[in-house]
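One structure below.
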Amino acid sequence: NELINVRLNRFAVHVFQCYKIYSCSFCQCHTFVSGYFQKYKEFEKSVRVEEIDGLKLVKNLAVKMEEVFRKKAEATRRLVEAAEEAHHQHEENPDLQYEYFNAVLINEVDEMGNNVELGGEFLLEPNDHFNNLSVNLSLSVVQVPTNMYNKDPDIVNGVYWSEALNKVFVDNFERDPTLIWQYFGSAKGFFRQYPGVKWHPDEHGVIGFDCRNRKWYIQAATSPKDVVILVDVSGSMKGLRLTIARQTVSSILDTLGDDDFFNVIAYNQEIHYVEPCLNGTLVRADRTNKDHFREHLDKLFAKGIGLLGEALAEAFTILNDFNQTGRGSVCSQAIMLVTDGATEMYDDVFEKYNWPERKVRIFPYLIGRESAFADNLKWMACANKGYFSQISTLADVQENVMRYLHVMSRPKVIDHEHDTVWTEAYVDSLNEKAGPSLMTTVAMPVFITSNFDVLVLYFFLLYQDGQKRRKPNYSSVDLSEVEWEDKDDILRNAMVNRRTGTFSMEVKKTVDRGRRVLKMHNDYYYTDIKGTPFSVGVALSRGHGKYFFRGNVSVEAGMSLTLYVTLTCLFGRVYCISLPRLALSLNCAGDRELIQEVLFDAVVTAPLEAYWTGLALNKSENSDKGVEITFLGTRTGLSRTNLFVPGDQDFLTAEDKEGVFNADHFPLWYKRAAEQVPGTFVYSIPFSTALDGKCSISCDNGDINCYLIDNNGFILVTEEQSQVLSGGMSIFQLKVTIAAICMFVVCEKRGESVRELDTFSAYLWFSQLLWFLISFHTHSAQRSRGKTMMVPCDTEYPAFVSERTIKETTGNIECEGCVRSFVIQQIPSSNLFMVVVDNKCDCSSAPPVTMDPIEIMYILSRRNTDSLKCDRLKFQKDRKKPESCHPFHPEV
């Protein structure tokens with residue numbers, strides 16, 4: 001539970017001296033750490049070791065999370081009731097004049113210094129709860145999309161009656177201070193946000209945000225749906241019409257969510273699937289698939305004549321066949337028709353495929369100003385429970401596309417089902433300075449009906465579930481890409497289907513920015529969270545991860561001690577800090593058991609203060625040798641740090657700060673020590689550090705080279721300063737593929753250089769054994785409109801691991817017609833190996849091996865990658881469908 005990290009100055013000298021005489025003490029380092037364990041044994045009688053009941057743990061966690069989610073849903077329902085009542089009391093007035101706080105215009109003044117219209121003075125104050133963003137906790141603001149008129153009568157009326165929500169916003173926040181944002185999104189396009197905050201346009205003076213395109217709005221607005229988009233590419237669609245058609249299709253894709261399935265078909269005298277490999281099927285409307293189809297839209301060109309009848313028949317056939325497989329939404333169905341006209345009504349096609357049930361809705365979009373064929377398209381829409389729209393310019397696209405959502409939502413409105421809709425977890429930012437955080441959204445519709453003239457309004461509450469139980473750096477990543485060793489998706493499918501159970505497997509985890517690999521055996525425990533679509537899982541590593549230290553230290557006793565001890569509690573946990581150093585308030589609503597655990601750690605480790613002081617007083621006069629800084633860390637998140645160098649030096653260097661607990665993870669030294677063989681030590685040096693001075697072992701013979709390497713093949717010490725490299729050497733074979741998400745910018749180098757292996761290292765290890773590649777699902781950066789944006793990609797690079805059971809090995813390797821011999825011996829009680837190689841061969845022509853990540857390009861050539869690309873598009877993992885579905889109502 002407690003681990004110690006020691007930084008040694010002139011580490012090379014000490015380690016080589018110890019190894020030369022085969023000392024078990026490892027000099028000062030061993031003496032220092034052993035002293036800690038002697039102190040710890042004094043408390044051994046008051047310590048009990050408890051094995052964690054993983055299933056009980058995850059069930060308790062699920063109950064607590066259920067309560068958290070329930071409170072958010074209740075807050076949502078209070079707003080729904082207030083919104084419906086406010087609208088019921090309101091009478092529409094097309095001449096209504098009302099000044100409201102526009103999110104973009106607040107606190108703006110004209111050339112005369114007067115407040116601009118819809119601006120006004122709006123008090124904003126920095127608030128810690130919102131990462132010091134300036135907000136107004138008493139009022140909300142309203143944002144209107146750039147392509148809409150701020151004083152449109154529908155918007156003004158909606159803004160007027162929705163002012164009643166301000167009181168409920170404030171009340172919700174007072175009841176539940178963990179809330180972040182509360183939103184109200186209108187079908188008319190305006191967006192009310194609490195607390196009030198000022199919005200700023202981008203560098204082009206535009207705010208492209210439209211709440212109706214957000215995932216939470218889409219999921220709450222309609223039931224899951226299967227959609228086929230038909231695009232007319234006959235000769236009459238040339239020029240601007242085809243440009244508008246492409247934008248219309250792209251906007252339709254924006255309105256599809258993760259629960260929807262779609263395909264895009266272009267037609268003239270023939271049927272052309274925009275993605276040929278998806279002939280006759282539908283794909284999930286996730287971001288990757290939608291972006292893939294957008295790329296293909298630019299390849300459309302207009303020629304020939306349009307045979308709409310064949311295209312409609314193909315669309316109906318796809319929807320029927322795909323629905324019978326059970327792999328789609330198994331709910332609503334629609335055909336979107338993007339064309340410049342129809343010469344007939346094609347009633348024979350509808351009679352064959354869609355009547356009399358009319359379960360597939362038809363939404364024609366007439367492109368261009370001509371209306372000669374509008375009547376036929378209008379008839380199609382009315383005869384198939386759809387909606388007709390005409391799009392004359394690019395500026396008309398957004399609003400006209402959105403109208404179909406109101407029609408698709410009619411069955412839900414008639415059923416008057418206030419479904420609570422939770423989005424998947426995603427990463428978003430409170431503001432640019434705060435950085436990304438993991439969030440989820442709960443949405444609920446507000447229904448207003450009058451003779452089926454349906455208006456649907458949506459809002460959602462956004463909250464952040466702290467940093468204690470979240471998986472860092474992941475945004476909507478499939479579990480199979482995280483726990484990639486589960487090749488059969490046993491764990492994933494069990495959690496998707498909301499089961500309760502356990503699962504075990506061996507895993508490989510990368511640390512130290514992917515340079516090192518830890519091998520662990522994890523036990524997984526999982527269950528569902530009632531009242532939500534979520535499941536929760538806990539992974540415990542066998543060994544240290546399966547046990548807790550429990551002590552008999554009371555909160556009161558621990559608090560009396562912490563008033564006099566300098567220590568730090570981090571790891572993203574808040575213990576109601578109210579006094580200097582660390583004081584824990586008993587009145588705070590924290591986890592009492594967790595507080596007792598951290599206080600127990602504080603009491604047990606307190607004697608180290610005196611022990612460290614004694615070491616400092618007895619330290620050698622030669623201050624540039626020996627211990628400089630020590631860290632002690634416990635799993636509760638407590639850490640102690642002690643400085644053994646003169647006070648005028650910086651307390652923590654940049655490297656040291658990486659070794660302190662932070663909100664996302666345990667420091668590297670802690671993780672490596674926890675997974676190390678019990679009773680052994682982990683030695684390492686910073687990658688940016690070069691060790692000076694020659695070692696004192698007998699490697700003076702010019703015919704041999706000596707290396708001290710760690711268990712991941714990194715050279716810690718060598719005789720030649722130029723050969724102290726942070727490249728890697730593969731000692732024993734290991735193959736692994738690891739999926740994750742890491743953020744990096746293309747062409748941007750890290751501050752520290754990744755040094756290369758010398759020629760000998762590359763030839764010695766790589767001709768003997770295979771390296772393994774670590775495949776990362778990453779985000780690379782692309783330039784878009786002058787900004788850097790992150791897009792998914794896969795990278796690979798070599799990494800190495802030792803086999804602890806092999807204590808010593810010898811061998812030969814051929815290099816340029818010359819044979820080199822080598823000996824590797826494991827250094828006892830450590831993670832180190834001594835390597836001795838004869839130096840009689842010149843291998844300077846061998847290329848170096850680096851650990852720079854290389855992007856995997858799947859789409860390299862048609863011949864080799866078309867099948868792989870198609871398989872990736874078609875592949876659909878098992879996923880549980882939403883429980884709520886309102887696909888059809890006989891009257892609308």
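Quick note: numbers below take in every heavy atom, side chains included, and nothing from hydrogens, waters or symmetry partners.
In this structure, His90 and Tyr160 have tilted ring planes: the angle between them lies in the 30° to 60° band. Classified by interplanar angle (parallel below 30°, tilted 30° to 60°, perpendicular above 60°), the ring pair Trp199/Phe191 is perpendicular.
Residue His886 is tested with Thr222, Asp419, Ile414 for a side chain to side chain contact (heavy atoms under 4.5 Å, CB included); the sole match is Asp419.
A pairwise comparison of heavy atoms in Ala285 and Leu256 identifies CB-CB, 3.7 Å as the closest pair. Nearest approach of Gly119 to Phe101, heavy atoms of both residues: O-CD2, 3.3 Å. When all heavy atoms of Val197 and Ser134 are compared, the closest pair comes out as CG2-O, 3.6 Å. Here the closest non-hydrogen pair linking Ala103 and Val141 is CB-CG2, 3.8 Å. Annotation for Pro445 and Ala220: closest pair CB-O, 4.4 Å, computed over non-hydrogen atoms. Minimum interatomic distance between Val116 and Asp110 (heavy atoms only, all atoms of both residues): CG1-N, 3.8 Å.
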Chi angles and distances behind the side-chain contact (heavy atoms from CB on, under 4.5 Å) call for Lys64, Glu67: CA-CA 5 Å; Lys64 293 179 181 179; Glu67 178 65 14; 5.8 Å; no
Criterion side-chain contact (heavy atoms from CB on, under 4.5 Å) on Gln247 and Leu297, from CA distance to verdict: CA-CA 9 Å; Gln247 184 59 43; Leu297 292 179; over 6 Å; no
Verdict with reasoning, Lys215 to Asp259, per salt bridge (Lys or Arg N to Asp or Glu O under 4.0 Å): CA-CA 10 Å; Lys215 185 177 295 186; Asp259 295 326; over 6 Å; no
Full working for side-chain contact (heavy atoms from CB on, under 4.5 Å) between Trp216 and Cys211: CA-CA 9 Å; Trp216 51 268; Cys211 66; 4.0 Å; yes
Full working for side-chain contact (heavy atoms from CB on, under 4.5 Å) between Arg214 and Phe209: CA-CA 9 Å; Arg214 301 293 283 181; Phe209 179 86; 3.4 Å; yes
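The NZ atom of Lys385 sits 12.5 Å away from atom CD1 of Ile362, with the distance rounded to the nearest 0.5 Å. Between Leu179 atom CG and Asn172 atom CG the span is 6.5 Å, to the nearest 0.5 Å. Once rounded to the nearest 0.5 Å, the distance linking CG of Asp171 with CG of Asn166 reads 12.5 Å. Once rounded to the nearest 0.5 Å, the distance linking OG of Ser332 with CZ of Arg361 reads 7.0 Å. One distance of note links CD1 of Ile391 with CD1 of Ile367; it measures 4.5 Å at 0.5 Å rounding. Here the OH-CG distance, from Tyr387 to Asn400, works out to 8.0 Å after rounding to the nearest 0.5 Å.
Looking only at distances, a side-chain donor or acceptor of Asp260 sits under 3.5 Å from a matching main-chain atom of Lys225. With hydrogens and angles disregarded, no donor-acceptor distance shorter than 3.5 Å links the side chain of Glu417 to the backbone of Ser884. Under a 3.5 Å cut-off, the side chain of Arg403 and the backbone N or O of Phe388 do not form any donor-acceptor pair. Side chain of Ser250 to backbone of Arg246: no donor-acceptor contact under 3.5 angstrom is found. Using a distance-only test at 3.5 Å, with no hydrogens or angles considered, a donor-acceptor pair links the side chain of Thr146 to the main chain of Ile207. In this structure, Arg212 contributes its side chain and Ser186 its backbone to no donor-acceptor pair below 3.5 Å. Within the 3.5 Å criterion, the main-chain N or O of Leu137 finds a donor-acceptor partner in the side chain of Tyr194. A side-chain donor-acceptor contact under 3.5 Å links Asn93 to the backbone of Asp95. Of the possible donor and acceptor atoms, one in the side chain of Gln182 sits under 3.5 Å from a partner among the backbone N and O of Phe169.
Within the 4.5 Å cutoff, side-chain heavy atoms of Met444 are placed close to those of Arg77. Contact annotation: the side chain of Ile180 approaches that of His129 to within less than 4.5 Å [non-hydrogen atoms, C-beta and beyond]. No side-chain heavy atom of Ser140 sits under 4.5 Å from any side-chain heavy atom of Phe184. Using a 4.5 Å heavy-atom threshold, the side chains of Pro201 and Val206 count as separate. Side-chain contact check for Tyr149 versus Ile155: every heavy-atom pair is 4.5 Å or farther apart. Residues Met336 and Tyr365 have side chains in contact (heavy-atom distance under 4.5 Å, counting atoms from C-beta outward). Counting only heavy atoms from C-beta outward, the side chains of Thr248 and Ile229 never approach each other to under 4.5 Å. Contact annotation: the side chain of Lys151 never approaches that of Val159 to less than 4.5 Å [non-hydrogen atoms, C-beta and beyond].
A salt bridge is absent between Lys290 and Asp258; no separation between the charged side-chain nitrogens and carboxylate oxygens falls under 4.0 Å. Under the 4.0 Å criterion applied to side-chain N and carboxylate O atoms, Asp415 and Lys412 are not assigned as salt-bridge partners. Under 4.0 Å is where a charged nitrogen must lie from a carboxylate oxygen, and between Lys71 and Glu74 no such pair does.
Taking the side-chain contact (heavy atoms from CB on, under 4.5 Å) definition, one finds that Pro533 meets it with Trp422, sequence neighbours left out. Evaluation of the side-chain contact (heavy atoms from CB on, under 4.5 Å) rule for Glu125 yields Leu123 as partners, not counting sequence neighbours. Every residue two or more places apart in sequence or in another chain that forms a side-chain contact (heavy atoms from CB on, under 4.5 Å) with Asn147 is listed here: Pro145, Gln398, Glu399. Partners of Thr255 according to the side-chain hydrogen bond (donor to acceptor under 3.5 Å, both in side chains) rule, which considers only residues two or more places apart in sequence or in another chain, are Tyr404. Qualifying disulfide bond (SG atoms under 2.5 Å apart) partners for Cys331, counting only residues two or more places apart in sequence or in other chains: Cys885. For Arg192, the salt bridge (Lys or Arg N to Asp or Glu O under 4.0 Å) partners two or more places apart in sequence, or in a different chain, are Glu163.
Ring centers of His416 and His418: under 6.0 Å apart, within the cut-off.
Within 6.0 Å of the CZ atom in Arg369, the count of heavy atoms belonging to other residues, nucleotides or ligands does not exceed 12.
Side-chain contact check for Thr393 and Asp396: at least one donor-acceptor pair (N or O, by modelled atom type) lies under 3.5 Å.
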